[in-house]
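Scroll down for the structure; my scribbles are underneath it.
The chains referred to below are lettered A, B, ... by the order of the sequence lines, with proteins before strands, and numbering in each begins at 1.
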Amino acid sequence: MKILIKDSMGHKTVEFKPMREGRVKLFVCGPTVYNLIHIGNARLFIVFDAFAKFLRSQGFEVFYVQNITDIDDKIIKEAKEENKPWKEIVARYLSQYFKDTSSLGIDSVSLFARATNYIEEIIDQIKRLILAGVAYETTDGVYFEVSKFTDYGRLSGQQLDKIRPGARVEISEDKRSPSDFVLWKKMKPGEPYWESPWGKGRPGWHIEDTAITEALFGPEYDIHGGGSDLIFPHHEAEIAQMRSLSKSGYLSRYWMHVAMLNMKEDKMSKSLGNIITVADALKKHSVQALRFFMLNTSFDSPLHYSEESLAAAEETVSRISEFYRKLDSARGSGKAGMVDVKRSRDAFMDAMANGFDTHAAMTVVLDLVTEMNRTMDRIGTRDRKEGIEFMNEVDSILGIVRKIGTGKGSEIVEKMISARNEARKKGSYALSDELRSILLQSGVAIQDNGPDTEWWFT
RNA sequence: GGAUAGGUGGCAGAGUGGUUAUGCGUGGGACUGCAGAUCCCAUCUAUUAGGGUUCGAAUCCCUACCUAUCCUCCA
């Protein structure tokens with residue numbers, strides 16, 4: 001199948017051609033572990049989780065690497081504020097990160113690469129950058145000289161001479177240009193450090209990623225993903241670093257940037273303090289609803305968070321899940337081919353392959369739900385089987401089906417149901433309603449289909 | 001100020017030249033003892049504003065206004 005990618009380099013939709021047939025090297029910028037992640041962060045991880053799963057469903061062998069920034073100014077700051085060792089902060093939030101993402105059904109990452117495990121590679125890369133004449137040492141660190149890389153700004157569309165230096169550019173009188181970015185930070189008293197040719201210090205942020213990807217993938221790879229707020233300068237810096245050494249025309253062949261999740265008007269961010277943590281979101285909403293909400297839009301368009309939208313997502317997920325449950329227990333004897341599941345499956349995959357259009361793919365699913373619901377009472381074995389297989393496939397990629405336990409194997413529930421149906425037959429509705437409400441309170445949902453009653457655990 | 005995306009019905013959010021997406025909400029109907037779920041019909045008579053191109057524009061061009069993101073750590 002031909003797969004199109006919305007490439008942020010040049011903002012074009014282009015055909016995806018992996019460097020090696022059938023294999024994909026995918027790198028996504030992971031978290032800095034100094035705090036809990038929020039659902040804005042989660043959007044990125046959910047999008048790439050679904051993306052990696054889709055590629056795998058198409059037979060690609062996906063090597064999906066995510067970096068973990070486990071040494072950084074913010075970690076040091078947090079450690080100071082809490083008066084705890086920085087490694088303790090890292091350990092705490094890293095384990096929380098794994099917990100949060102796994103509770104979001106994210107399980108597609110092949111390898112998490114921690115920056116501090118690559119210090120040697122980082123130092124080596126910086127050495128080579130200095131040798132190549134594009135980096136220089138100052139009193140407080142080693143810097144990359146941006147003017148030495150002519151393509152700097154191509155990804156973001158920035159022109160170096162038009163960039164207005166921010167008000168809070170780090171004080172460093174030795175820097176040759178305000179745009180030069182740090183590769184190695186020399187230690188200040190009390191800070192964590194590693195030995196290096198430039199004395200004790202720690203790596204800058206941008207160099208971590210290229211050291212990791214060079215070590216794991218080599219100087220070039222297929223797809224680089226991240227939040228749209230990282231385009232400049234982070235991804236420009238990565239490109240500048242790696243391509244200055246490799247002399248290749250690209251770092252990654254394709255770039256995919258996930259747009260921000262906004263709260264009211266602003267993006268959700270830790271510094272703005274308008275965050276909802278993953279844990280909090282999951283207290284109120286199902287994983288499936290959160291995933292549906294995130295995937296029901298183009299990954300490269302900003303998305304507005306609101307309780308109302310989440311509630312709507314929850315409704316839709318219920319509809320899909322309810323459909324799945326009904327399909328699972330359908331026992332009709334209709335002819336095969338009443339519904340063309342295969343056509344829906346093709347349309348679904350086409351949408352996914354068309355620039356990862358998860359929204360169009362969802363629409364296909366919802367249309368099929370309506371279509372099959374129409375004939376649910378008489379749906380045949382074969383259509384039913386195809387439908388279930390398709391929904392399982394959809395779920396394995398998008399994670400939007402809440403699998404509701406089918407009602408079997410509980411004698412006590414069965415007894416109460418038949419007691420209730422006896423009462424209904426006799427017209428003792430007060431009693432039957434009473435039994436229904438007891439069942440509901442015990443987590444058993446029931447639905448009358450004529451004289452028969454279906455039930456399941458909620 | 002520069003860069004990059006946008007401005008669609010009550011809400012969310014598709015649609016890149018020509019049959020009123022889709023979901024949620026709302027109203028009605030079918031079904032049900034009543035519910036619930038489901039289906040059907042309807043509703044909301046949407047395309048930021050003003051020009052232009054065209055037989056025809058939400059879709060292309062121009063202008064204005066507005067919004068987000070980046071230019072500073074940030075998914």
Side-chain angles (χ1 to χ4, degrees), chain A residues 8 11 28-32 34-35 37-48 69 72-74 77 153 155-170 178-179 205 225-236 257-262 264-272 292-293 296-298 300-306 308-320 322-323 325-326 351 357 359-360 362-367 369-377 423-425 427-430 432-433 436-437 440 445-450 454:
Chain A
S8 351
H11 300 284
V28 172
C29 289
T32 300
Y34 74 105
N35 211 330
I37 64 159
H38 55 73
I39 55 175
N41 302 311
R43 181 182 184 189
L44 173 81
F45 303 127
I46 287 173
V47 164
F48 279 101
T69 301
D72 178 82
D73 290 356
K74 276 188 272 194
K77 188 171 166 240
L155 178 68
S156 58
Q158 297 283 348
Q159 286 168 280
L160 207 46
D161 54 342
K162 291 202 176 138
I163 291 172
R164 183 170 67 179
R168 297 192 339 233
V169 170
E170 256 183 74
S179 294
W205 180 41
S228 63
D229 54 350
L230 297 189
I231 294 173
F232 191 95
H234 184 53
H235 291 155
E236 294 285 4
H257 286 101
V258 176
M260 297 295 102
L261 179 68
N262 294 153
K264 302 247 169 67
E265 296 300 287
D266 300 314
K267 77 164 168 172
M268 183 177 290
S269 89
K270 291 167 189 170
S271 23
L272 289 176
F292 180 89
F293 173 67
N296 195 218
T297 182
S298 311
D300 58 346
S301 293
L303 179 62
H304 285 85
Y305 179 90
S306 75
E308 197 188 6
S309 299
L310 257 293
E314 199 75 70
E315 286 301 314
T316 307
V317 162
S318 291
R319 179 178 154 77
I320 294 169
E322 185 69 7
F323 164 73
R325 183 190 62 73
K326 267 188 274 196
D357 191 347
H359 182 272
M362 299 272 203
T363 304
V364 171
V365 173
L366 288 167
D367 284 345
V369 168
T370 302
E371 204 184 336
M372 289 189 93
N373 268 334
R374 234 172 253 154
T375 54
M376 188 59 84
D377 56 336
R424 282 175 68 214
K425 219 181 278 175
S428 317
Y429 295 124
S432 73
D433 287 353
R436 176 167 62 191
S437 108
L440 262 172
I446 61 178
Q447 186 171 313
D448 299 329
N449 303 318
E454 248 185 289

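- Listed here is the closest heavy atom pair of Leu44(A) and Gly226(A): CD1-C, 3.3 Å.
- Heavy-atom minimum distance, Ala445(A) versus Leu440(A): CA-CD2, 4.4 Å.
- A donor N or O paired with an acceptor N or O is found under 3.5 Å between the base of G33(B) and the side-chain atoms of Asp433(A).
- Nucleotides G23(B) and U43(B) place their C1' atoms 16 Å apart, quoted to the nearest Å.
- OP1 or OP2 of A14(B) lies within a sub-4.0 Å distance of a side-chain N or O belonging to Thr297(A).
- What separates CD of Glu315(A) from P of G23(B) is a distance of 13 Å, to the nearest Å.
- Nearer to the 5' terminus of RNA chain B, by closest-nucleotide assignment, is the contact made by Ser306(A) (compared with the other of Glu322(A) and Ser306(A)).
- Here His11(A) lies in heavy-atom contact (under 4.0 Å) with sugar-phosphate atoms only.
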- prompt: How does RNA chain B read in dot-bracket, base by base from 5' to 3', with Watson-Crick or G-U pairs under 3.5 Å and | used when the partner is on another strand?
  reply: (((((((..(((.....[...)))((((((.......))))))....(((((..]....))))))))))))....

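- As rounded to whole Å, 14 Å separates atom C1' of G13(B) from atom CG of Asp300(A).
- Taking the side chain of Lys267(A) as heavy atoms from C-beta on, and the options C24(B), C40(B), C70(B), the nearest nucleotide is C70(B).
- Backbone-only contact: Leu366(A) has heavy atoms under 4.0 Å from sugar-phosphate atoms and none from a base.
- The separation of A58(B) from C70(B), taken at their C1' atoms, amounts to 28 Å, rounded to a whole angstrom.
- Atom name P, nucleotides U54(B) and U59(B): the rounded distance is 16 Å, in whole Å.
- Among the atoms of the strands shown, base atoms are found under 4.0 Å from some heavy atom of Arg436(A).
- Among the atoms of the strands shown, base atoms are found under 4.0 Å from some heavy atom of Met268(A).
- Closest approach of Asn262(A) to Pro302(A), counting heavy atoms only: OD1-CB, 3.8 Å.
- Rounded to an integer number of Å, the gap from Met362(A) CE to A14(B) C1' is 13 Å.
- We find that CD of Glu236(A) is positioned 12 Å from P of C71(B), with the value rounded to whole Å.
- Under the rule for a side chain to side chain donor-acceptor pair (under 3.5 Å), His359(A) has no partner lying at least two apart in sequence or in another chain.
- Counting non-hydrogen atoms under 4.0 angstrom, His38(A) reaches a base of the nucleic acid.
- Both Ala313(A) and Tyr429(A) lie near RNA chain B, and the one whose nearest nucleotide falls closer to the 5' end is Ala313(A).
- For the P atoms, the distance from C24(B) to U38(B) is 8 Å, rounded to whole Å.
- The gap from the C1' atom of U16(B) to that of C60(B) amounts to 9 Å, rounded to the nearest Å.
- Thr370(A) comes within 4.0 angstrom of the backbone, heavy atoms only, and of no base.
- For G6(B) and G10(B), the P atoms lie 24 Å apart once the distance is rounded to whole Å.
- Nucleotides A35(B) and A75(B) place their C1' atoms 45 Å apart, quoted to the nearest Å.
- Here His38(A) pairs with Asn41(A) under the side chain to side chain donor-acceptor pair (under 3.5 Å) rule; sequence neighbours left out.
- Tyr34(A) OH to Asp72(A) CG: the interatomic distance, rounded to the nearest 0.5 Å, is 8.5 Å.
- Side-chain proximity of Ser301(A) to the nucleotides A5(B), C71(B), A14(B) is greatest for A14(B).
- Counting only heavy atoms from C-beta on, Lys326(A) has its side chain closest to A37(B) among U69(B), A37(B), A21(B).
- Using a 4.0 Å heavy-atom criterion, one finds that Ser156(A) contacts the sugar-phosphate atoms exclusively.
- Between the side chain of Asp448(A) and the base of C34(B), at least one donor-acceptor pair of N or O atoms lies under 3.5 Å.
- Under 4.0 angstrom from either OP1 or OP2 of C39(B) there lies at least one side-chain N or O belonging to Asn373(A).
- Whole-Å rounding puts the Phe292(A) CZ to A14(B) P distance at 12 Å.
- The Arg424(A) side chain lies nearest to G33(B) when the options are G33(B), A75(B), C71(B).
- Nucleic acid contact for Leu261(A): base, since at least one base atom lies under 4.0 Å from a heavy atom of the residue.
- Here Asp367(A) pairs with nothing under the salt bridge (charged side-chain N to carboxylate O under 4.0 Å, His left out) rule; sequence neighbours left out.
- Ala311(A) comes within contact range of no nucleotide atom at all, as no heavy-atom separation falls under 4.0 Å.
- Between Glu236(A) and Gly153(A), the shortest heavy-atom contact is OE1-N, 2.9 Å.
- Comparing C44(B) with G28(B), their C1' atoms sit 15 Å apart, to the nearest whole Å.
- A distance of 4.5 Å separates CZ in Arg325(A) from CD in Glu322(A), rounded to the nearest 0.5 Å.
- The CG atom of Asp377(A) sits 18 Å away from the P atom of A30(B) (whole-angstrom rounding).
- The side chain of Cys29(A) approaches A75(B) more closely than any other nucleotide in the set C24(B), A21(B), A75(B).
- Among the protein residues, Asp266(A) comes within range of the sugar-phosphate backbone only, with heavy atoms under 4.0 Å from sugar or phosphate atoms but none that close to a base.
- With sequence neighbours left out, the side chain to side chain donor-acceptor pair (under 3.5 Å) criterion links Ser318(A) to Arg402(A).
- Scanning all heavy atoms of the two residues, the minimum distance from Arg374(A) to Glu371(A) falls at CB-O, 3.2 Å.
- Between Ser228(A) and the phosphate of A5(B), there is no side-chain N or O to OP1/OP2 separation shorter than 4.0 Å.
- Here Ser432(A) lies in heavy-atom contact (under 4.0 Å) with a base.
- One finds a side-chain N or O of Arg374(A) lying less than 4.0 angstrom from the OP1 or OP2 phosphate oxygen of C40(B).
- Proximity note for His359(A) (side chain, C-beta onward) versus A21(B), C70(B), A12(B): the nearest is A21(B).
- Atoms NE2 (His257(A)) and C1' (G6(B)) sit 18 Å apart, rounded to a whole Å.
- Residues satisfying the salt bridge (charged side-chain N to carboxylate O under 4.0 Å, His left out) test with Asp300(A), not counting sequence neighbours, are Lys6(A).
- Residue contacts for Gly226(A): at a heavy-atom cut-off of 4.0 Å it reaches the sugar-phosphate backbone alone, with no base atom in range.
- Closest to the side chain of Leu303(A), from the set C11(B), G13(B), G23(B), is G13(B).
- Nearest nucleotide to the Pro233(A) side chain, out of C39(B), C71(B), A21(B): C71(B).
- Of the candidates U69(B), G33(B), A75(B), A75(B) carries the atom nearest the Leu44(A) side chain, counting heavy atoms from C-beta on.
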